[in-house]
S.K.: 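Below is one structure. I have some questions about it.
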Amino acid sequence: MELTDQETTRRDNLAKIRALGIEPFPAASFPVTHLAADILAQVEEDEEGKVTNLQDVTLAGRIMSQRIMGKAAFANLQDSSGRIQLYVSRDDIAPGEDKALYNDLFKKLIDLGDFVGVKGFVFKTRTGEISVHVRELTFLGKSLRPLPSPKKDEEGKVYDEFKDPELRYRMRYVDLTVNPKVKETFRKRSRLITAMRQFLDDLGLMEVETPVLQPIHGGAAARPFKTHHNTLDVPMYLRIANELYLKRLIIGGFDGVYEFAKTFRNEGMDRTHNPEFTMVEFYVAYKDYHWMMDTCEQLLEHSVRAIGDGGSTEVTIDGKTIDFRGPYRRLTMADAIREHTGEDIEGADEAELRAIAERLDVHVDKTMGRGKLIDEIFGERVEASLVQPTFITDYPVEMSPLTKKHRSKEGLVERFELIVNGKELANAYSELNDPIDQRARFEEQLQLAQRGDAEAMAMDEDFLRALEYGMPPTAGIGIGIDRLVMLLTGQKSIQEVLFFPQMKPER
RNA sequence: GAGCCCCUAGCUCAGCUGGCUAGAGCACCUCACUUUUAAUGAGGGGGUCCAGGGUUCGAGCCCCUGGGGGCUCACCA
């Protein structure tokens, strides 16, 4: 392995630390009493600006910068909560005759990125910065590679930023270390999932796990990843959805189930698509899609409050303010198209829809049936203009093979999608529980497949058998977690909300 | 899949119309400095200019091929 001069220096320093009798990778625990952010939040001062509390604190982290001035020095320590300045003076950390701990270890052998533990007291410097005056210094771990070192000037302008997306995603550990905002995005993601889980638990639902490896991929229209089970000698698929398994659990007698599900689709990758992504799906017996709209509003309002500043329900993205406080506007698909294009699709047959599509300059092709045509018109001419959370309801039956037929409107199903900032965020139904109808829908899917629709759904005989045993009326929903996090953190690409987005193999 | 752009030091980037030994800031090394904060001052080291081929007296720069990356557009969440 070819080492750069800086890497060589660090390895030399490692050896010199050992030579001083200090273990560069110590095994023992280092109990910490405070985090950097706690200190900055808790510090108290008297009238003269003297710090009156926090006179015995222990913290640990990486040294991120050093300003050495002879027999004293300042450094910045970064822990999981943020950064705080350290003041280190020679005679404090090395009170005896032997000044090696300061002169050698601290001044020369500690490199930026090394882990140290410090014990000391909090004070305020002449320039007014809350700092920790170090009394004891413990070496906790060597860093053999130099970190990128972004710097900020007085105006907050950043120099030498570590911003190459490829390097940031490939070496997320470096990205997280040097770009504090990145950490904040992932904290929000975690808080969001915690808040959603809490809401669903409080609703009385049970968290479950269903197979990721499936013999038949069902529940959505997408190309799967295919693999092979050696012992059984059968093909297996990574799930493209977990819907059909969750419904089997409803059939089995659980009244409400949910799953945060990693889902896999073998399709294109771009800034809104990663081959694996996360959905939360939940199904509740004896409910319909109206109930689900109410619940969806409450869930999102609760979750956005939980991660927002001061419990706000508002999010700003691209200069637009989006408010997640319910109730959301509810609009049938036909009304939405009428409102945005002036065209009436209600009762239109395939030929009339084709004519409407052409008038609206929407690209269509011969394989598209009625449902697909309506979907295209909506997707091209309406969806992008729905910025505030909006439920679009009552979809054409052809596009929704797992959804119950509308209780009063011919040719439609009881389905809604939640559109926010022009993008689909959730998809929900009154679930189809009539096994005869379900078999007929699967057969229609087979016909669509023969007509050339690559996304048509496959027949699942075991699922049909389950339905034939009887399924209660049920409402179900799937919410895309990654896109929700993108919205709530103002990120434009899915890679920014996944710790380790899929990349081409290195080299 | 199509179009446009990018690849130069550990990091961020200059590099003119093809012309001296390829530059800057930070980082790194040496020295000084006990309240600095993009610390400062003095000195120093560090390059397969993405790779290969071509044009040329001469290529970081022009041409070709390949690799890697980004953005925009079309399809899927």
Side-chain angles (χ1 to χ4, degrees), chain A residues 2-10 12-13 64-76 83-93 102 107-108 111-113 123-131 133 143-170 174 178 220-224 240-241 261 263-279 281 363 365 375-376 379-380 417-419 423-427 454-455 478-484 486 492-495 503-507:
Chain A
E2 200 74 21
L3 294 179
T4 64
D5 61 339
Q6 296 197 40
E7 288 169 334
T8 305
T9 302
R10 282 168 183 248
D12 290 347
N13 288 348
M64 296 303 284
S65 67
Q66 274 180 311
R67 291 173 291 286
I68 291 171
M69 297 158 303
K71 299 180 187 64
F74 287 93
N76 281 320
R83 291 188 186 189
I84 191 162
Q85 180 168 267
L86 305 179
Y87 175 74
V88 179
S89 80
R90 186 191 68 184
D91 297 332
D92 281 326
I93 67 164
Y102 181 81
K107 272 175 74 173
K108 294 186 179 160
D111 294 304
L112 299 188
F123 77 112
K124 197 169 178 178
T125 64
R126 206 180 278 164
T127 51
E129 180 158 347
I130 299 300
S131 308
H133 187 127
S143 166
L144 292 180
R145 290 174 185 258
L147 287 167
S149 52
K151 291 268 169 86
K152 240 189 246 173
D153 68 12
E154 296 116 15
E155 287 137 34
K157 232 175 106 183
V158 182
Y159 298 79
D160 302 340
E161 196 176 0
F162 181 60
K163 65 180 178 187
D164 181 323
E166 188 193 4
L167 294 176
R168 287 183 48 231
Y169 303 151
R170 282 200 198 285
V174 173
V178 303
R223 283 167 58 195
I240 56 173
T263 302
F264 305 83
R265 297 191 184 172
N266 204 344
E267 294 172 344
M269 290 162 60
D270 60 27
R271 70 185 200 289
T272 56
H273 299 268
N274 194 65
E276 57 181 290
F277 62 102
T278 305
M279 305 230 297
E281 292 204 21
H363 175 76
D365 65 55
D375 194 57
E376 285 291 317
E380 288 282 310
E417 288 192 356
L418 175 64
I419 312 291
K423 307 248 165 50
E424 178 197 335
L425 201 65
N427 183 16
E455 296 163 5
I479 302 173
I481 297 292
D482 310 288
R483 291 195 177 171
L484 181 54
M486 284 167 67
K492 290 203 179 68
S493 90
I494 196 169
Q495 286 82 9
M503 308 280 289
K504 278 192 195 175
E506 209 167 343
R507 184 46 61 95

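In what follows, chains are A, B, ... by sequence order, proteins preceding strands, each numbered from 1. Quick note: numbers below take in every heavy atom, side chains included, and nothing from hydrogens, waters or symmetry partners.
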S.K.: Would you mind reading off the distance between A:M69 atom CE and B:U34 atom C1', rounded to a whole angstrom?
M.R.: 7 Å

S.K.: Kindly give the heavy-atom pair with the smallest separation between A:A222 and A:R265, and that separation in Å.
M.R.: CB-CD, 3.5 Å

S.K.: Report the nucleotide, chosen from B:U35, B:G68, B:G70, that has the shortest atom-to-atom distance to any side-chain atom of A:P165.
M.R.: B:G70

S.K.: Take atom P in B:G69 and the same atom in B:C29, then report the distance between them in whole Å.
M.R.: 33 Å

S.K.: Could you check A:S65 against A:Y169 and say which one's nearest nucleotide on RNA chain B is further toward the 5' end?
M.R.: A:S65

S.K.: Specify the residue among A:E424 and A:I68 whose closest nucleotide of RNA chain B lies further upstream toward the 5′ end.
M.R.: A:I68

S.K.: Testing the basics here: between A:F162 and A:P150, what is the closest heavy-atom pair and its distance to 0.1 Å?
M.R.: N-CG, 4.2 Å

S.K.: Would you call A:R145-A:E7 a salt bridge at under 4.0 Å N-O?
M.R.: yes

S.K.: Considering only atom C1', compute the distance from B:U17 to B:G10 and round it to an integer number of Å.
M.R.: 34 Å

S.K.: For the base of B:U36, is there a side-chain donor-acceptor partner from A:E129 under 3.5 Å away?
M.R.: no

S.K.: Say you pick atom P in B:G41 and the same atom in B:G25; how far apart are they, in whole Å?
M.R.: 11 Å

S.K.: Taking the side chain of A:R126 as its heavy atoms from C-beta onward, which of B:U36, B:U12, B:U72 lies nearest to it?
M.R.: B:U36

S.K.: Closest approach of A:M64 and A:R83, non-hydrogen atoms and distance?
M.R.: CE-NH2, 3.4 Å

S.K.: Should B:G58 form a Watson-Crick or G-U wobble pair with both distances under 3.5 Å, which nucleotide is its partner?
M.R.: none

S.K.: Applying a 4.0 Å non-hydrogen cut-off, can you work out what A:D270 is touching in the nucleic acid: base, sugar-phosphate, or nothing?
M.R.: base

S.K.: Could you give the CG-to-P distance, from A:D164 to B:G10, as a whole number of Å?
M.R.: 15 Å

S.K.: When you compare the side chain of A:F74 with that of A:M69, does any pair of heavy atoms fall below 4.5 Å?
M.R.: yes

S.K.: So which nucleotide from B:U35, B:U12, B:C76 ends up closest to the side chain of A:Y87?
M.R.: B:U35

S.K.: Give me the distances for all protein-to-nucleotides 22-28 of chain B N/O pairs that come in under 3.5 Å?
M.R.:
| from | atom 1 | to | atom 2 | distance (Å) |
| --- | --- | --- | --- | --- |
| B:G25 | N2 | A:D160 | OD1 | 2.3 |
| B:G25 | N2 | A:D160 | OD2 | 3.0 |
| B:C26 | O3' | A:K151 | NZ | 3.1 |
| B:A27 | OP1 | A:K151 | NZ | 3.2 |
| B:A27 | O2' | A:Q6 | OE1 | 3.3 |
| B:A27 | N3 | A:Q6 | NE2 | 3.0 |
| B:C28 | O4' | A:Q6 | OE1 | 3.4 |

S.K.: Looking only at side-chain atoms of A:P148, point me to the closest of B:C75, B:C11, B:G69.
M.R.: B:C11

S.K.: On a whole-Å scale, what distance lies between the P atoms belonging to B:U36 and B:G46?
M.R.: 35 Å

S.K.: Given the P atoms of B:C61 and B:U55, what is the spacing between them in whole Å?
M.R.: 15 Å

S.K.: Measure from the side chain of A:S89, starting at C-beta and using heavy atoms only, and say which of B:U12, B:U34, B:C73 lies closest.
M.R.: B:U34

S.K.: Taking only the side-chain heavy atoms of A:D91 (C-beta and beyond), determine which of B:U34, B:U36, B:G70 contains the nearest atom.
M.R.: B:U34

S.K.: Among residues at least two apart in sequence or on other chains, which ones pass side-chain contact (heavy atoms from CB on, under 4.5 Å) with A:E424?
M.R.: A:E383, A:E417, A:I419, A:N427

S.K.: If we take the P atom in both B:U34 and B:C49, what is their distance in whole Å?
M.R.: 44 Å

S.K.: Mind listing the closest non-hydrogen atom pair of A:P148 and A:V174 along with its distance?
M.R.: CD-CG1, 3.5 Å

S.K.: What contact category does A:N274 fall into here, base, sugar-phosphate, or nothing, at under 4.0 angstrom with non-hydrogen atoms?
M.R.: base

S.K.: For a quick check of understanding: with a heavy-atom distance under 4.0 Å over all strands, which category does A:Y102 fall into, base, sugar-phosphate or nothing?
M.R.: nothing

S.K.: Can you tell me which nucleotide in B:U35, B:U12, B:U34 comes closest to the side chain of A:K71?
M.R.: B:U34

S.K.: With distance as the sole criterion, is a donor-acceptor pair present between the side chains of A:N274 and A:D482 under 3.5 Å?
M.R.: no

S.K.: Nearest heavy-atom pair of A:R67 and A:Q85: which atoms, and what distance?
M.R.: NH2-OE1, 2.7 Å

S.K.: Work out how far the P atom of B:G18 is from that of B:G58, and round it to whole angstrom.
M.R.: 16 Å

S.K.: In whole Å, I'd like the distance from the NZ atom of A:K163 to the C1' atom of B:C11.
M.R.: 11 Å

S.K.: From the list B:C75, B:U36, B:C31, which nucleotide is the closest neighbour of the side chain of A:K108?
M.R.: B:C31

S.K.: Counting side-chain heavy atoms from C-beta on, which of B:U36, B:C73, B:G69 comes nearest to A:F74?
M.R.: B:U36

S.K.: Distance check, C1' atoms only: B:C13 and B:C73, in whole angstrom units.
M.R.: 30 Å

